[in-house]
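The structure appears below as structure tokens.
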Amino acid sequence: MAKVILDKNRKKRLEEGHPWIYKSEIASTEGNPAPGDLVEVTDHRGKPLGTGYYNENSQITVRLLSHGTIEQMDEAFFVSRFRDCLRHRDRFVLGTAYRLVYGEADFLPGLIVDRFDDVLVVQILTLGMDRRRAEIVSALVEVMRPEGIYERSDVSVRNLEGLEETTGVLYGECPRHVTVKENDLLIKVDIEQGQKTGYFFDQRENRASIRPLMTGWGERSGIELQDVDGERRPVNKNGKVVEFPYWDGATVLECFSHTGSFTLHACEYGAKKVTCLDISAHAIESARENVGLNGFDDRVEFVVADAFDYLRENVKGLEERKRRAEGLSKVDTSVPMPAGGGRSWDVVILDPPAFAKSRSAVKGAVRGYKDINLHGMKLVSEGGYLVTASCSYHMRPDLFLETIQEAARDAGKTLRLIEWRAAGKDHPQISGVDEGHYLKFAIFEVRSR
């Protein structure tokens, strides 16, 4: 086995648990490792640090697989690692739909595997893993016994490894659409054309965390439980019994809905009415189908629009309404209210795609996150809740919170942080690997100053 000797003056990231070795950290190599070969890694004194796979054409030249010795990445190696992955998910995740393999965090850098019941979706990101695709497929078949394995390696990061993007069936039969359960809700997933591997499992626990926000709103509408004919019934301020079963539910706006996963959870937990919004008509059709699968059609309205524009237009409408109500502007009945009409919601959910995919994009991302959060919190009814997330790794947690606080200051709002979360248990994080700490999720109570 060839050997990679690290530079004396490098940062000691490897010893702190980080599995990446950059080209600039390598002092020399012994032997002639080919791209994808296993190499022994040592420090400048010759002390063994572990075994990884090599690609001189990548800036991340070595990706460590173990701090010990690995003779080869054969089928037996992958079987052992996949069994470890499965044991972790069996312990911490209910059901049979989850991320089975999470790259570096499962000690398999460059490999992602998502499980959709009996179908697996594989994403191979590096040359070292690509060279072992046959062993990966065979090991997955042995450990998981799937009906089919589909590849979604249509990601640009492969280009950095000298690889082409590729998709297709690797094993068995793979229907384009699979229906799985998440938190007892039915989700139809497009494994061929859906974003990334088809579905975002990392927000599973976060979606469930909105349950307490979805009920307890009836009193605001003047509805109270009273004794009627010997039983407790909801009664409005006019003394009439309210028959609508979701009288105590919240009104909810979900922006960047994708497949409508937060919308489904809001309805399941008792929301009165949900506005499900995405700029993609295809995404909204997917959300509509999922809403129908779960029987929530009567409580969801769908909007195809740019979230930035939609939020801004409704804020303008609210502000115009307020001015007219306070007599601060003369009412010209020939001039309509601004588009959007100035609606507000008890709960506003913002789960956008990554705004910062590189360090150079952070400044623009800050502006984007501030914009949607500022307008989003303005549309939250007094004492309601803002649910907001960022999946941009380069948007560090402290910067994300600072950006939201700046938005609150400019909006004239006081925020109370109710919950702060990261990715779910099928997305474990290795201490010392900051790149794995990408997802930030927060729930704020919103009050006016």
Side-chain angles (χ1 to χ4, degrees), residues 209-225 234-238 242 244 246-256 262-263 265-267 269-277 299-301 303 307-329 337-351 369-389 401 403-420 441-449:
S209 74
I210 69 171
R211 179 191 286 268
L213 314 182
M214 293 300 116
T215 54
W217 302 94
E219 189 176 347
R220 287 189 173 203
S221 304
I223 301 174
E224 296 180 353
L225 287 173
V235 177
N236 66 21
K237 51 191 174 185
N238 295 322
V242 178
F244 183 58
Y246 303 102
W247 60 273
D248 198 35
T251 57
V252 180
L253 169 63
E254 181 193 5
C255 295
F256 311 97
F262 276 101
T263 289
H265 285 76
C267 289
Y269 299 148
K272 180 191 299 179
K273 188 74 175 179
V274 182
T275 303
C276 180
L277 180 148
R299 285 185 283 149
V300 181
E301 63 173 347
V303 178
F308 288 87
D309 294 339
Y310 188 83
L311 294 170
R312 197 174 293 115
E313 287 166 2
N314 274 282
V315 168
K316 285 180 181 177
L318 275 181
E319 291 172 347
E320 177 63 18
R321 265 190 180 170
K322 184 178 180 181
R323 282 195 297 270
R324 293 186 183 198
E326 295 176 351
L328 298 178
S329 62
M337 289 285 290
R343 298 175 63 184
S344 62
W345 291 264
D346 299 319
V347 180
V348 172
I349 301 172
L350 305 173
D351 183 23
Y369 285 116
K370 182 177 179 180
D371 190 293
I372 60 167
N373 282 282
L374 185 149
H375 290 96
M377 66 181 68
K378 282 187 175 182
L379 297 180
V380 175
S381 304
E382 184 65 25
Y385 296 90
L386 175 71
V387 179
T388 184
L401 287 171
T403 301
I404 294 171
Q405 180 56 34
E406 287 182 5
R409 180 195 64 206
D410 291 354
K413 302 293 184 181
T414 295
L415 302 180
R416 284 208 299 176
L417 180 60
I418 306 301
E419 193 146 12
W420 176 257
F441 176 89
I443 298 175
F444 292 99
E445 183 190 65
V446 182
R447 292 174 180 262
S448 298
R449 292 197 193 127

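Here the structure is a predicted model, which means the values were calculated and not measured.
No side-chain heavy atom of T414 sits less than 4.5 Å from a side-chain heavy atom of S448. Between L318 and S344, some side-chain heavy-atom pair lies under the 4.5 Å cut-off. Contact check for Y310 versus T275: side-chain heavy atoms found under the 4.5 Å cut-off. The shortest side-chain heavy-atom distance between F441 and S209 falls under the 4.5 Å cut-off. Contact check for D371 versus R312: side-chain heavy atoms found under the 4.5 Å cut-off. Looking at heavy atoms from C-beta onward, L225 lies in side-chain contact with W247 at the 4.5 angstrom threshold.
Annotation for I372 and F308: closest pair CG2-CE2, 3.2 Å, computed over non-hydrogen atoms. Of all the heavy atoms in A250 and V347, the pair that sits closest is CB-CG2, 4.2 Å. The nearest pair of heavy atoms linking Y385 to V446 is C-CG2, 4.5 Å. In plain terms, the two heavy atoms of V348 and G376 that are nearest each other are CG2-O, 3.8 Å. Nearest heavy atom pair, residue A271 against residue V252, reads CB-CG2, 4.0 Å.
Expressed to the nearest 0.5 Å, how far CZ of R211 lies from OH of Y269 amounts to 5.0 Å. Atom-to-atom distance recorded for K413:NZ and R449:CZ is 9.5 Å, nearest 0.5 angstrom. Taken to the nearest 0.5 Å, the CZ atom of R416 stands 14.5 Å off from the CG atom of L386. Here NE2 of H375 is found 10.5 Å from NZ of K370. Values are rounded to the nearest 0.5 Å. To the nearest 0.5 Å, atom CG of residue L401 and atom CG of residue L417 are 7.0 Å apart. Between the CD1 atom in I418 and the CZ atom in F444 there is a gap of 9.5 Å [rounded to 0.5 Å].
Although no hydrogens or angles enter the test, the distance criterion places a donor-acceptor pair under 3.5 Å between the side chain of R299 and the main chain of C267. Judged by distance alone, with hydrogens and angles left aside, the side-chain atoms of N314 form a donor-acceptor pair with the main-chain N or O of R343 at under 3.5 Å. Side chain of D248 to backbone of W217: a donor-acceptor contact under 3.5 angstrom is found.
When each of D410, T388, I404, L350 is tested with M377 by the rule side chain to side chain contact (heavy atoms under 4.5 Å, CB included), just one qualifies, namely I404. Among L311, I349, V380, the single residue meeting the side chain to side chain contact (heavy atoms under 4.5 Å, CB included) criterion with L253 is L311.
Partners of F256 under the ring pair (Phe, Tyr, Trp, His ring centres under 6.0 Å) rule, at least two apart in sequence or in another chain, do not exist in this structure.
In this structure, D346 does not pair ionically with K272, as no charged nitrogen and carboxylate oxygen lie closer than 4.0 Å. Salt-bridge check for K237 with E224: failed, with every basic side-chain N at 4.0 Å or more from each acidic carboxylate O. For the pair K378 and E313, the salt-bridge criterion is not met [side-chain N within less than 4.0 Å of a carboxylate O].
Other residues, nucleotides and ligands contribute over 12 non-hydrogen atoms within 6.0 Å of the CD atom of E301.
Between F244 and Y246, a ring centre-to-centre spacing shorter than 6.0 Å is recorded.
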- Query: Does the pair W345 and S381 meet the rule for a side chain to side chain donor-acceptor pair (under 3.5 Å), with working shown?
  - Reply: CA-CA 6 Å; W345 291 264; S381 304; over 6 Å; no
